[in-house]
S.K.: 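Below: one structure in structure tokens.
Numbered from 1 within each chain, the chains take letters A, B, ... in sequence-line order.
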Amino acid sequence: MRLSRYFMPVMRDVPKEAEIVSHQLMLRAGMIRQESAGIYSWLPTGFRVLKNIERIVREEQDRAGALEVLMPTIQSADLWKKSKRYGDYGDEMLRIKDRQGRDMLYGPTNEEMITDIFRQGVQSYKDLPRNLYHIQWKFRDERRPRFGVMRGREFLMKDAYSFDLSAEAGRHSYNKMFVAYLRTFARMGLKAIPMRADTGPIGGDQSHEFLILAETGESAVFFDRDFYDMDWRAFEIDYDDVGRVAEVVADFTAKYAATDEKHDAGEFEKRVPEARRLSGRGIEVGHIFFFGTKYSDPLGCTVQGPGGEKITIESGSYGIGVSRLAGAIIEASHDDAGIVWPVAVAPFHVGLVNLKVGDVATDAACLDLYEKLGRAGVEVLHDDTDERAGAKFKTMDLIGLPFQLIVGPKGLKDGVVEVKDRKTGARETLPPDAALKKLAEAVAAEGGRG
RNA sequence: CGGAGUGUAGCGCAGCCUGGUAGCGCACCUGCUUCGGGAGCAGGGGGUCGCAAGUUCGAAUCUUGCCACUCCGACCA
């Protein structure tokens with residue numbers, strides 16, 4: 001993309017409505033625009049990040065055997081009345097009426113609808129297990145939206161729903177999602193610690209929240225320092241290997257980690273030596289539940305077993321805050337100059353900076369590199385504007401692309417260009433071909449197309 | 001929803017107390033000079049002062065009501 005043809009309204013001053021750093025940086029980098037409290041437009045740069053996050057989530061859900069569907073944002077109230085949650089959900093649910101006066105709602109979640117879909121489509125035990133998910137906008141009319149996209153009222157969420165014949169089988173479905181979440185967040189460069197959690201209004205008896213550590217997090221968290229030594233890479237695993245999947249889950253759940261609601265100070269002291277006890281604040285980026293027959297019972301979601309008997313389906317649900325992650329990743333990865341994107345979610349991989357637009361040799365060199373990088377699968381934002389060099393560097397640092405490729409007449413005279421690593425600040429001068437090779441390799445290594 | 005606060009140009013702000021028809025910085029446009037880490041000079045464009053009613057000869061400014069947004073608390077991806 002050529003910056004001269006792009007739409008990226010960056011700001012030098014911080015809009016006063018933004019309190020936390022991720023919100024400030026998203027606004028300053030021209031990623032989002034607030035439309036009303038807790039509701040945002042995603043501008044081109046922000047939208048690219050959102051799509052990258054969504055892509056990783058989708059790839060890992062698919063890998064774990066979940067099947068993607070798309071349910072509507074608007075739902076009829078009927079299903080919710082059947083599950084008794086129409087009343088329970090309270091003012092958080094945005095209720096609307098259609099022209100016939102029918103009660104409708106903007107979905108805050110989809111347990112009822114997916115259960116109904118599944119009930120209608122499956123009659124035999126032979127059709128289980130299954131896991132269906134979608135990535136769709138939700139609306140929850142929060143009492144107090146805040147922190148930009150981290151706690152919006154309208155937000156993009158991945159929600160998956162598992163259907164099993166027995167509680168044991170349901171446990172494996174739960175464990176698969178647990179592992180898929182570890183992989184998903186690892187690919188985004190995050191260490192998301194699984195913590196025991198309250199089940200809240202969703203209900204059920206087994207639940208974990210995945211939290212990343214950040215000072216601005218909304219939950220107080222208590223955990224074992226040993227988590228830092230875990231293998232957080234997106235390790236390979238055979239999801240059909242029930243024992244192995246359970247082992248990974250056991251490994252992560254053996255260590256103490258809990259949010260304040262579930263925290264037990266006595267147990268913490270008993271299980272974790274003092275030197276390893278850590279506390280801090282965390283941002284919840286994922287939440288998984290196993291709730292058994294809570295929805296299948298009232299909605300009559302059953303299948304016929306081998307002996308002709310009726311089996312009530314055991315279910316779980318699994319959420320990831322896709323739009324929240326955009327803010328959460330920035331909270332976890334930024335410095336004084338701006339955002340520092342992990343390669344896998346960066347809006348572009350490389351910022352190509354032309355230091356002297358209008359200089360024939362420099363323009364030609366930039367164009368050549370731009371085309372070659374594109375062919376190598378590297379996404380490039382080419383700053384071909386006639387801004388001053390200083391301003392260009394500030395902008396590049398602000399928007400946080402992982403690499404900057406800096407091309408100017410002085411370097412070209414010596415046959416070199418400069419490559420800057422945004423994260424480390426390291427700069428290297430090398431011939432254009434070598435720079436190209438280096439960037440292509442770095443992006444291939446870290447970009448992690450699943 | 002309880003408490004606190006803010007609405008004046010795209011963004012950040014001053015002006016309001018003590019009414020007289022709107023200003024600063026950045027950004028934007030034009031020209032010249034500059035040009036390897038947010039340039040200088042000169043000229044220029046842009047605002048129903050959140051909305052409505054009231055007081056007044058006259059309201060950004062005073063009064064009342066409403067709306068929007070932000071922050072602090074209880075819930076959640």
S.K.: Between P on B:rC71 and CZ on A:Phe147, what's the gap in Å once rounded to a whole number?
M.R.: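 Distance, rounded to whole Å: 7 Å.
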S.K.: Which nucleotide, B:rC72, B:rG12, B:rA77, lies nearest any side-chain atom of A:Glu142?
M.R.: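 Nearest to the side-chain atoms of A:Glu142, counting from C-beta on, is B:rA77.
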S.K.: Between A:Phe155 and A:Val322, is there a side-chain heavy-atom distance shorter than 4.5 Å?
M.R.: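 Side chain of A:Val322 against side chain of A:Phe155, heavy atoms only: no contact under 4.5 Å found.
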S.K.: Base, sugar-phosphate, or nothing: which does A:Gly411 touch, judged by heavy atoms less than 4.0 Å apart?
M.R.: base
S.K.: Let me know the distance between CG of A:Asp260 and C1' of B:rC75, rounded to the nearest Å.
M.R.: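 Computing the A:Asp260:CG to B:rC75:C1' distance gives 12 Å.
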S.K.: If pairing requires Watson-Crick or G-U wobble contacts with both distances under 3.5 Å, which nucleotide is the partner of B:rU30?
M.R.: B:rA42
S.K.: Using a cut-off of less than 4.0 Å, is there contact between a side-chain N or O of A:Arg388 and OP1 or OP2 of B:rC35?
M.R.: no
S.K.: Flag as yes if A:Phe393 stacks onto the base of B:rG38 (centroids under 5.5 Å, planes under 30°), otherwise no.
M.R.: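 Ring-base stacking flag not set for A:Phe393 and B:rG38.
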S.K.: Is there a donor-acceptor contact under 3.5 Å linking the side chains of A:Asp164 and A:Ser173?
M.R.: yes
S.K.: Scan side-chain atoms only and decide if A:Ser41 and A:Glu35 contain a donor-acceptor pair under the 3.5 Å cut-off.
M.R.: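 Yes, a side-chain donor-acceptor pair sits under 3.5 Å.
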S.K.: When the nearest nucleotide of RNA chain B is assigned to A:Lys16 and to A:Ser36 on a heavy-atom basis, which residue is associated with the more 5' position?
M.R.: A:Lys16
S.K.: Please state whether the phosphate of B:rA77, meaning OP1 or OP2, lies under 4.0 angstrom from any side-chain nitrogen or oxygen of A:Arg151.
M.R.: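 False: A:Arg151 side-chain N/O out of range (4.0 Å or more) of B:rA77 OP1/OP2.
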S.K.: B:rC75 C1' sits how many Å from A:Met93 CE, rounded?
M.R.: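 These atoms are roughly 15 Å apart.
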S.K.: Is there a side-chain contact between A:Trp42 and A:Arg33 in this structure, where contact means two heavy atoms from C-beta onward sitting under 4.5 Å apart?
M.R.: no
S.K.: What nucleic acid atoms does A:Gly152 come within less than 4.0 Å of, heavy atoms only: base, sugar-phosphate, or nothing?
M.R.: base
S.K.: What's A:Lys413 touching, base or sugar-phosphate or nothing? Going by heavy atoms closer than 4.0 Å.
M.R.: nothing
S.K.: Mind checking who B:rA59 pairs with, Watson-Crick or G-U wobble, both distances under 3.5 Å?
M.R.: none
S.K.: Output the single nucleotide from B:rA77, B:rG38, B:rG36 whose closest atom is nearest the side chain of A:Glu418.
M.R.: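 So the side chain of A:Glu418 is nearest to B:rG36.
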S.K.: In whole angstrom, give the distance that lies between atom CD of A:Glu92 and atom C1' of B:rA77.
M.R.: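 In whole Å, B:rA77 C1' lies 12 Å from A:Glu92 CD.
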S.K.: If pairing requires Watson-Crick or G-U wobble contacts with both distances under 3.5 Å, which nucleotide is the partner of B:rC35?
M.R.: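 Checking every strand shown, B:rC35 finds no partner, since no pair has both distances under 3.5 Å.
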S.K.: Between A:Tyr133 and A:Asn110, do the side chains contain a donor N or O and an acceptor N or O under 3.5 Å apart?
M.R.: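 Distance-only check fails for A:Asn110 and A:Tyr133.
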S.K.: How close or far is atom P of B:rA77 from atom CG of A:Leu325, stated in whole angstroms?
M.R.: 13 Å
S.K.: Both A:Leu156 and A:Arg28 contact RNA chain B. Which one's nearest nucleotide lies toward the 5' end?
M.R.: A:Arg28
S.K.: Between B:rC41 and B:rU34, how many Å separate the two C1' atoms, rounded to a whole number?
M.R.: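 Approximately 11 Å lies between the C1' atom of B:rC41 and that of B:rU34.
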S.K.: For the residue pair A:Tyr161 and A:Tyr295, establish whether any side-chain heavy-atom pair is separated by less than 4.5 Å.
M.R.: no
S.K.: With no hydrogens and no angle check, do the side chains of A:Tyr370 and A:Asp368 hold a donor and an acceptor under 3.5 Å apart?
M.R.: no
S.K.: How would you label the contact of A:Val322 with the nucleic acid (heavy atoms, under 4.0 Å): base, sugar-phosphate, or nothing?
M.R.: nothing
S.K.: Nearest to the side chain of A:Pro15, which nucleotide is it out of B:rG12, B:rG36, B:rC72?
M.R.: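 The answer is B:rG12, which lies nearest to the side chain.
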S.K.: For A:Gly319, which contact category applies under a 4.0 Å heavy-atom criterion: base, sugar-phosphate, or nothing?
M.R.: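 Nothing: the residue A:Gly319, judged by heavy atoms under 4.0 Å, touches no strand.
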S.K.: Could you please name the partner base of B:rG73, counting Watson-Crick and G-U wobble pairs only when both distances are under 3.5 Å?
M.R.: B:rC1
S.K.: What integer distance in Å separates A:Arg33:CZ from B:rC69:P?
M.R.: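 Result: 13 Å.
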S.K.: Given B:rG36, B:rA77, B:rC1, which nucleotide is nearest the side-chain atoms of A:Arg144?
M.R.: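 For A:Arg144, the side-chain atoms sit closest to B:rC1.
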S.K.: So A:Pro409, base contact, sugar-phosphate only, or nothing? Heavy-atom distance under 4.0 Å.
M.R.: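 Since a base atom lies under 4.0 Å of A:Pro409, the category is base.
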S.K.: In this structure, which one of A:Lys158, A:His134, A:Glu68 forms a side-chain hydrogen bond (donor to acceptor under 3.5 Å, both in side chains) with A:Gln61?
M.R.: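 Passing option: A:Lys158.
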S.K.: Applying a 4.0 Å non-hydrogen cut-off, can you work out what A:Arg427 is touching in the nucleic acid: base, sugar-phosphate, or nothing?
M.R.: base
S.K.: Closest to the A:Leu355 side chain: B:rC1, B:rC28, B:rG36?
M.R.: B:rG36
S.K.: With a 4.0 Å limit, can you tell me whether A:Gln34 has a side-chain N or O closer than that to the phosphate oxygens OP1/OP2 of B:rA68?
M.R.: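 Checking B:rA68 against A:Gln34, no side-chain N or O comes under 4.0 Å of OP1 or OP2.
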S.K.: Return the pairing partner of B:rC16 with a 3.5 Å limit on both distances, Watson-Crick or G-U wobble; otherwise return none.
M.R.: none
S.K.: Among A:His172, A:His287, A:His208, whose ring-ring contact (aromatic ring centres under 6.0 Å, His included) with A:Phe178 holds?
M.R.: A:His208
S.K.: Would you mind reading off the distance between A:Asp13 atom CG and B:rA9 atom P, rounded to a whole angstrom?
M.R.: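 Going from A:Asp13 (CG) to B:rA9 (P), I get 14 Å.
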S.K.: So which nucleotide does B:rC11 pair with, by the Watson-Crick or G-U wobble rule with both distances under 3.5 Å?
M.R.: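 Matched B:rC11 with B:rG25 under the 3.5 Å cut-off.
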S.K.: Given B:rA27, is OP1 or OP2 found less than 4.0 Å from the side-chain N or O atoms of A:Arg12?
M.R.: yes
S.K.: Can you tell me the pairing partner of B:rC51 across any strand shown, Watson-Crick or G-U wobble, with both distances under 3.5 angstrom?
M.R.: B:rG65
S.K.: Are side-chain heavy atoms of A:Gln75 and A:Tyr106 found at a separation under 4.5 Å?
M.R.: no
S.K.: Remember a base hit wins even if backbone is also touched, and classify A:Asp159 as base, sugar-phosphate or nothing at under 4.0 Å, heavy atoms.
M.R.: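 Since no nucleic acid heavy atom lies under 4.0 Å of A:Asp159, the category is nothing.
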S.K.: Looking at RNA chain B, which of residues 37-50 of chain A put a heavy atom within less than 4.0 Å of it?
M.R.: A:Ala37
S.K.: Grab the CZ-C1' distance between A:Arg143 and B:rC76 for me, whole Å please.
M.R.: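 Those two atoms, CZ and C1', are 9 Å apart.
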